[in-house]
Amino acid sequence: MNRLTHKLFIAFLVVPAFVILLAVVFYPFLYNVAISFSNMSLRHIKDWSFVGVQQYVKVFAEPTQPDFYAVFMKTIIWTAVNLVFHVVIGVALALLLNQRDVKGKPLFRTLLILPWAIPQYIVALTWRGMFNYEYGSINLIITKYLNLPAVEWLKSPTEAFLACILTNVWLGFPFMMVIALGALQSIPHELYEAADIDGASWWHKLKNITLPLIRPVMIPAITLGTVWTFNNLNIVWLVSNAGEPSDQTHILVSFVYKAAFNLYRYGYAAALSMVIFVLLLMFSLFFLKKTRATEAAY
Amino acid sequence: VKNPLLLVAGLLLLGGCATTPDPRHIVIWHQMRVDERLVLDSQLRQFEAENPDVTVEEIYKETEELRSGFIVAAIAGQGPDLVYGPSDMVGPFEVMGIIEPLESLLDTSFLGSFIPKGLTYYHGHLYQIADKLGNHLTLIYNKDLIMDPPTTDQELIAMRERFTQDLNGDGKPDRYVLTWNYTEPFFFIPFMTGFGGWVMTDDGTPTLDTEGTVNGLKFIRDLRDRYKIIPGEADYNIADILFKDGKSAMIINGDWSWAGYKKAGVNFGVAPLPRIVSTGLWCEPMVSPKGFSLNTNVSAAKRPVVLSLLRFLMRPEIQLQTARALWTMPTRREAVASDFVQHDDILRNSALQIEHGRAMPVVPELRAIWDAMRPSYQAVLGGAKTPEQAAREMQDLALRKIKELNE
């Protein structure tokens, strides 16, 4: 195969993927950038024009209900709390499942992956029913078996937000568990044998072998998890029934959804989604650089 | 296609979006429930059997997805030929110029055969022809528990002794007189109108900070906290389950729910919502037609075929098929006058409720008003706001949102 044929062959393989990427990623992205600088809305949907950074100014300066900065803070709390629980529970369960003497390992693995396998909207609506004050199973457990007063999960803003977080924690840990389990299984057993010979404790082995060696896999997973959680519209929207009570359980992405599809503020929603994009991009770059995720572990 | 950028965006955003270049292939987008879909499907197959050279494809989309999807597709010069939904879609679609006026495309004798409420006009043009009238709330009662549904608020409250009961002795009621979905302001409208309130003026200016709103909110709060005849918390699903399980003797729900209660084996009856004695006014729900609008992108060559389908679906016998299967109120005079509609107990009461109902505004501003009402309505039921404060904040927020909507 001469050089030209070789290059043509490479192009032949790459072009279809590139065309699809162009169509489903680059073009919509550039289109979103364009309308974020426009006045596209209910009254200007066909005759929209560029209005500079007006929509970006509105994002940061316009008083909104609920307040943009409060929603932003809530989004950060939502993402951080979820991620901490996803990773801690996921890695802990992976460590348990990675033990050699665990009986019924395939069964446990299947059961623990179940939350991830069920469609999100079913999970969200089921949990919403479970959080009902009078008839939900969570309050029945709290009152009957723990002898505590029932919690108004869906009526108070803090509790409703907590309900969304609990649902998403349940939904999200299996992903981290699967990733961590894969990483754990790739660690050579000789390293642990050598540590045993040196008299290392369980904690020392975890700190000096396990965690450093699963890090290259976990860091990209955490980055992905952050982006997914930050943008997880389904759970917040369905568990809180579109921001209940009183629009107090929004995160930025559900705020964007309302602006775009309830009030047809396409320009404003596009600007807000660009702000979200830049925030996530900055976080990802900073996080990957700080954690040196791209460096080899061995 | 006027804007190639929008065309590509439409194609990208809408998997399964129909471009329908084939003049003998008609695409309908609708938001019908499963039971409605089965009826529609059989009717479309009847149409295809009568017109062997035409095929019809019906695509279900959830109401919000239908609305946003149709906007994106139609702006890009694409989309279905017919879009089906409640009449409040007409306002935004008309403003965006994505649905076609129908009055010049259909003959006057055909249009004259509809009851006026079946034809939705906006800014002087006909934009939607309905096959069903209603989409309205009624009082639905369990006939195994109640023989005579209440006709006034006082009769309703007096039912507390008989129905709000702690059956298992745990100190909490296990059965209630009444329930409904507390989270959506659509369900608050009958209480608002019962106390003389309404959502907006004819030109779309919100009228939420009124005594009607305040007293309506107080009344609901009293039903729950003072008279204890409704549960402490209920969304649509919870209310539905309570009624189906016999844990609530009555429910306020829409005509869409009747077929489901029949299927669930509930021995139910339908009655108009009660009158408020102190005001002398009926609790009037919003009433809206549900029907078809024509996409502006349908070519002139294709229009006759699409309109022939529309005429078929509006035939009195087709509307009666739907009415028999789903208890929906038809819109053709001939179907309305039929024995079935005139004598069926549920449809007679449905007609009474429609009489005691108010037409849902089709202006786009209604969307902003729902959005403005929802948080404060929920806050009153959650105990976070007083009715007076809620009414004031609803009004302020509605004004702000309408400004945003029309920016």
Side-chain angles (χ1 to χ4, degrees), chain A residues 22-25 27-28 30-32 34-35 39-48 54-55 58 62-66 125 128-129 131-136 139 143-144 150 152-157 160 240-248 257-268, chain B residues 2-3 5-6 8-9 11-13 64-65 67-68 71-72 75 91-92 95-98 170 172-174 182-184 231-238 241-242 245 247 364 367-368 370-372 374-385 390 393 396-397 400-402 404-407:
Chain A
L22 196 72
V24 303
V25 178
Y27 175 74
L30 292 174
Y31 188 68
N32 191 72
I35 61 173
N39 62 350
M40 191 193 263
S41 64
L42 174 73
R43 306 274 167 191
H44 301 284
I45 194 146
K46 285 184 173 171
D47 60 342
W48 59 273
Q54 215 178 78
Q55 303 291 7
K58 275 187 193 167
E62 189 183 70
T64 52
Q65 161 73 25
L125 294 178
R128 180 171 168 77
F131 283 120
N132 180 266
Y133 180 74
E134 282 169 273
Y135 305 100
N139 269 358
T143 51
K144 275 196 174 172
E152 291 190 328
W153 289 105
L154 303 173
K155 248 162 64 175
S156 318
S240 73
N241 199 18
E244 288 170 18
S246 308
D247 277 335
Q248 295 295 308
Y257 183 87
K258 275 199 103 163
F261 298 112
N262 277 21
L263 294 177
Y264 312 108
R265 302 180 77 195
Y266 299 113
Y268 175 83
Chain B
K2 289 164 193 159
N3 187 337
L5 289 182
L6 283 168
V8 180
L11 288 172
L12 296 175
L13 292 169
E64 285 307 312
E65 192 193 344
R67 198 187 297 259
S68 53
I71 291 169
V72 176
I75 291 292
V95 171
M96 293 176 186
I98 54 178
D170 67 352
K172 289 191 299 185
D174 301 296
Y182 298 169
T183 61
E184 274 305 313
E233 186 183 309
D235 59 14
Y236 189 90
N237 290 331
I238 295 291
I241 290 166
L242 287 177
D245 288 354
K247 289 181 175 173
R367 196 113 168 122
W370 290 137
D371 253 19
R374 198 171 288 112
S376 291
Y377 173 55
Q378 290 169 3
V380 171
L381 290 177
K385 282 181 192 170
E393 290 181 15
D396 292 345
L397 189 56
R400 194 199 300 171
K401 284 192 182 280
I402 287 173
E404 288 173 3
L405 182 85
N406 291 324
E407 68 187 8

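To find a chain, count down the sequence lines: A is the first, B the second, and so on, and within it residues start at 1.
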So, for A/Lys155 and B/Leu381, which heavy atoms are closest and what is the spacing to 0.1 Å? CE-O, 4.1 Å
Measure the CZ-CG distance between B/Arg367 and A/Leu42 for me, rounded to the nearest 0.5 Å. 10.5 Å
Side chain to side chain, A/Tyr264 and B/Val95, heavy atoms closer than 4.5 Å: no
Closest non-hydrogen atom pair between A/Tyr266 and B/Met96, with its separation: OH-CE, 4.3 Å
How far does CG of A/Asn132 sit from CG of B/Leu242, to the nearest 0.5 angstrom? 8.0 Å
Chain B contact via A/Tyr135 - which portion, at a heavy-atom distance below 4.5 Å: side chain
Say you draw a straight line from OG1 of B/Thr183 to CG of A/Leu154; how long is it, rounded to the nearest 0.5 Å? 10.0 Å
Tell me, side chain or backbone of B/Asn237 under 4.5 Å from chain A's heavy atoms, or both, or neither? neither
Give the minimum heavy-atom separation between A/Leu263 and B/Leu405, together with the two atoms involved. O-CD1, 3.4 Å
Part of A/Thr64 within contact of chain B (heavy atom distance under 4.5 Å): backbone
Supply the atom-to-atom distance A/Gln65 CD to B/Leu397 CG, rounded to the nearest 0.5 angstrom. 5.0 Å
Using non-hydrogen atoms and a 4.5 Å limit, figure out which bit of A/Asn262 sits close to chain B: side chain, backbone, both or neither. both
Does any heavy atom of chain A fall under 4.5 Å from the side chain of B/Pro231, the backbone, both, or neither of them? both
Cut-off 4.5 Å, heavy atoms of chain B, and the answer for A/Glu62 is side chain
From A/Lys258 NZ over to B/Asp371 CG, what is the distance, rounded to the nearest 0.5 angstrom? 4.0 Å
Pairwise side-chain contact, B/Glu404 with A/Tyr268, heavy-atom cut-off 4.5 Å (strictly under): no
Closest non-hydrogen atom pair between A/Glu134 and B/Gly232, with its separation: OE1-N, 3.0 Å
With B/Glu407, the side chain to side chain donor-acceptor pair (under 3.5 Å) member among A/Gln55, A/Gln54, A/His44, A/Arg265: A/Arg265
When you compare the side chain of A/Arg128 with that of B/Asp235, does any pair of heavy atoms fall below 4.5 Å? yes
Toward chain A, the part of B/Ile71 with a non-hydrogen atom under 4.5 Å: side chain
